[in-house]
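Numbering of residues begins at 1 and proceeds along the displayed sequence.
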Amino acid sequence: MKLRELFILRDIRALALNLTFALMFCSVMFLTYRGFVEAEIISKWYAFIGGSILFSFVVLVLGRQRHITIDWVSILIFTFIGYLFVRIFVIELPQPNILVLLLAAFIILYFSFKQLSRGLEAYNPDILIVGVCLAQAIYGLMQYFDATYISRGFGITGCFDNPAGFAASLAAGVPYCFSVLQKRERLRYFGLSAFIIIALAVILSESRTGILAITVVTSVYLGNKYYSLFKQYRKALLLVLGVVFITLFIGLFFLKKNSAIGRMLIWETSLQMIVDRPLFGLGTSGFMSEYMLYQADYFTENTDSPYALLADNVTHPFNEYLLIVIEYGVIGLLFVFTILVLLIKFSQQITIPHLCILAIAILACFSYPLRYPAVVILLAYSLANIKIEQRNEFKFNRALKLSWCCLLGGICIFLIRDIRFEIQWGKLALYREYLESDTISESYADLYVRWNGDPMFLYNYGAVLNHLGNYSRSNEIMFRCIKYFNDYDVQRLIADNYDNMKKCEQAEEHYLIANKMIPSRFMPLYRLLKLYDKNGKTNDALYMAKTIVDMPIKVQSG
């Protein structure tokens with residue numbers, strides 16, 4: 001083959017890889033399908049899984065790597081994912097299909113990036129990452145200045161469900177602005193402009209974690225770039241940085257003071273969960289199924305707690321490290337910390353992928369960045385592109401390629417089944433007021449047989465059965481639901497079912513649990529008052545009425 005033809009072929013391969021990456025990354029940043037119950041979240045995760053399959057297939061077809069290099073980080077990542085699979089398939093309750101698909105998609109995406117990290121030089125999606133993040137930031141700014149409609153009560157959410165997802169996805173992409181700054185002159189202006197616009201969008205979103213992540217990453221980048229200057233004026237610069245970060249922390253704390261104090265309750269309660277099951281944790285979905293019960297126990301023991309007015313339903317501890325320990329124990333956290341230590345130990349210098357991982361690590365301390373697939377893609381890409389001395393090398397032969405194709409095909413089949421389930425559920429949930437009662441009941445029963453593991457479906461199904469007056473069946477579903485997901489609304493629904501079934505003691509028990517989960521809510525106490533009144537418990541009803549009257553009001557109504 002002539003040299004010119006070889007270069008043209010390389011350019012075509014790089015173009016195909018870049019286009020596939022762009023399609024995947026754009027989808028996880030912008031895709032929203034209103035046919036799903038959770039439009040902004042589940043559609044992006046499906047885009048992540050589908051995009052991972054497509055990207056891996058393109059790498060398989062176009063990649064010319066004949067060997068797969070394995071280093072210690074790759075071994076640990078694979079072992080950690082394997083540990084999660086063992087927990088899911090062998091030890092615990094059946095888990096949502098989507099979780100298994102996500103873990104599999106992350107593995108294939110990571111190893112696809114790994115295969116390309118020493119491959120085509122023309123394949124460099126850094127500019128694509130910055131371009132997509134810039135487009136998302138501009139869309140968010142349009143929302144802020146009322147140039148486009150937003151209906152959730154936030155100033156900026158972009159194409160996400162709340163500002164946290166918007167800010168996390170942008171903050172994780174900021175380090176690649178620095179990568180573009182290091183390229184030729186015209187691109188430098190693009191990189192600088194993108195950084196300013198993205199940073200402005202994150203600041204206006206009022207995401208404290210996003211602001212902190214961008215500030216720290218920018219400081220580290222500048223300190224590394226101008227290391228000689230930093231070394232020369234080290235004491236003065238450290239003093240200035242210390243004052244800046246202390247001021248920043250205080251300012252961010254008071255930006256949303258009640259939210260910050262509320263997280264103290266969540267972290268305090270989460271630590272108790274860790275104390276009870278430190279080694280192996282509570283298992284997958286353990287936080288969502290158990291946390292609110294721990295919160296109820298806390299308020300039972302601390303009846304005058306200042307946190308009472310701030311408590312609410314909680315589905316995440318606002319700290320990814322805490323979540324790992326709670327669900328997978330110290331063993332799970334040990335995997336994560338070992339990977340981070342190895343990334344530092346075996347690295348000669350601070351690179352852009354290091355900065356991206358640093359941004360995600362900071363976001364993980366105070367938020368839930370791994371809930372958003374754009375962050376997960378950037379994590380996989382960054383991990384794969386950090387140069388670490390290889391541990392072993394495997395020949396990428398036909399048998400391995402065939403196995404890889406079978407894996408991609410299997411993931412694709414389960415993905416299609418999962419999407420079909422979510423679409424059918426979405427039609428029922430969104431348009432059930434237009435359907436006959438018998439049709440709704442039969443349709444939900446049919447979906448329940450083919451349940452994909454999404455616990456929110458169980459809650460929705462239980463609520464529908466309650467609305468249709470099938471209280472006994474509703475509670476059967478709800479008691480399955482609490483193995484995966486349990487909160488104030490779940491307990492209220494169970495209590496209401498028992499109330500309608502004339503099972504007063506059980507109804508009272510679950511109304512009280514709901515009350516202790518969120519002490520500032522009036523409804524459980526009001527329902528208890530009605531329960532006592534209709535059962536002739538006059539003294540209990542009077543006591544409950546006095547309790548309601550004496551309750552502090554969380555939100556004043558006009």
Side-chain angles (χ1 to χ4, degrees), residues 14 17-31 44 113 122-145 147-148 155-160 163-226 350-360 362-363 369 372-382 385:
L17 289 166
N18 282 320
L19 286 176
T20 308
F21 181 91
L23 176 63
M24 175 174 63
F25 199 62
C26 281
S27 297
V28 299
M29 287 288 269
F30 289 98
L31 185 63
K44 290 180 175 60
F113 286 140
Y123 165 71
N124 188 343
D126 293 11
I127 298 173
L128 295 173
I129 292 171
V130 175
V132 174
C133 289
L134 176 61
Q136 184 67 227
I138 291 172
Y139 181 64
L141 290 173
M142 289 172 64
Q143 292 177 334
Y144 184 83
F145 293 108
T148 186
I156 294 178
T157 63
C159 294
F160 296 85
F166 173 80
S169 299
L170 295 186
V174 157
Y176 288 98
C177 293
F178 306 143
S179 175
V180 176
L181 281 169
Q182 296 171 3
K183 301 185 185 297
R184 58 184 181 270
E185 187 174 350
R186 289 183 180 179
L187 286 176
R188 290 176 187 171
Y189 293 119
F190 171 69
L192 180 60
S193 301
F195 171 78
I196 293 171
I197 293 171
I198 291 170
L200 176 63
V202 172
I203 291 169
L204 292 179
S205 74
E206 298 185 1
S207 169
R208 295 160 297 174
T209 309
I211 295 169
L212 179 64
I214 290 177
T215 304
V216 172
V217 166
T218 304
S219 300
V220 173
Y221 171 74
L222 293 174
N224 183 60
K225 185 176 178 63
Y226 302 103
I350 298 174
T351 63
I352 298 302
H354 284 97
L355 295 176
C356 181
I357 293 172
L358 175 62
I360 295 170
I362 293 169
L363 291 165
Y372 302 99
V375 177
V376 177
I377 289 176
L378 292 175
L379 178 62
Y381 177 69
S382 299
N385 281 277

F195 vs F178 aromatic rings, parallel, tilted or perpendicular, using cut-offs 30° and 60°?
tilted
Is there side-chain contact between L192 and I196, with heavy atoms separated by less than 4.5 Å?
yes
Only pairs under 3.5 Å count here: list side-chain donor-acceptor contacts from residues 125-138, not counting sequence neighbours, and write none if there are none.
| residue | atom | partner | partner atom | Å |
| --- | --- | --- | --- | --- |
| D126 | OD1 | Y381 | OH | 2.9 |
| D126 | OD2 | S179 | OG | 2.6 |
| Q136 | OE1 | C159 | N | 2.9 |
| Q136 | NE2 | M29 | O | 2.9 |

Between T157 and Y139, is a side-chain hydrogen bond (donor to acceptor under 3.5 Å, both in side chains) present by the stated rule, with each step listed?
CA-CA 9 Å; T157 63; Y139 181 64; over 6 Å; no
Looking at L378 and S169, what are the two nearest heavy atoms and their distance?
CD1-O, 4.2 Å
Without swapping roles, check the side chain of K44 against the backbone of S27 for a donor-acceptor pair under 3.5 Å.
no
Inter-residue atom distance L355.CG - N224.CG, 0.5 Å rounding
7.5 Å
Gap between atom CG of L141 and atom CD1 of I198 - 0.5 Å precision
10.0 Å
Tell me, yes or no, whether the heavy-atom count around F30 atom CZ, taken from other residues, nucleotides or ligands under 6.0 Å, exceeds 12.
yes
Any idea which heavy atoms bring P353 and Y176 closest together, and the distance?
CA-OH, 3.9 Å
Output the distance between atom OG1 (T215) and atom CG (L212), rounded to the nearest 0.5 Å.
6.5 Å
Rounded to the nearest 0.5 Å, how far apart are CG of L358 and CD1 of I352?
11.5 Å
Taking the side chain as every heavy atom from C-beta outward, state whether R188 and V180 have any pair of such atoms under 4.5 Å apart.
no
Shortest non-hydrogen separation from L204 to I156 and the atoms involved:
CB-CD1, 3.8 Å
Taken to the nearest 0.5 Å, the spacing of L23 CG from N18 CG works out to 12.5 Å
Identify the two heavy atoms, one from P369 and one from I360, that lie closest to each other, and give their separation to 0.1 Å.
CG-O, 4.2 Å
Which atoms form the tightest heavy-atom contact between G210 and A167, and what is the distance?
CA-CB, 4.4 Å
Closest heavy-atom pair and its distance - I357, S382
CG1-CB, 3.8 Å
Main-chain N/O of G158 paired to Q143 side chain as donor or acceptor, under 3.5 Å:
yes
Report yes if some heavy atom in the side chain of H354 is under 4.5 Å from a heavy atom in the side chain of V220; otherwise report no.
no
Straight-line distance of L379 CG to L363 CG, nearest 0.5 Å
11.0 Å
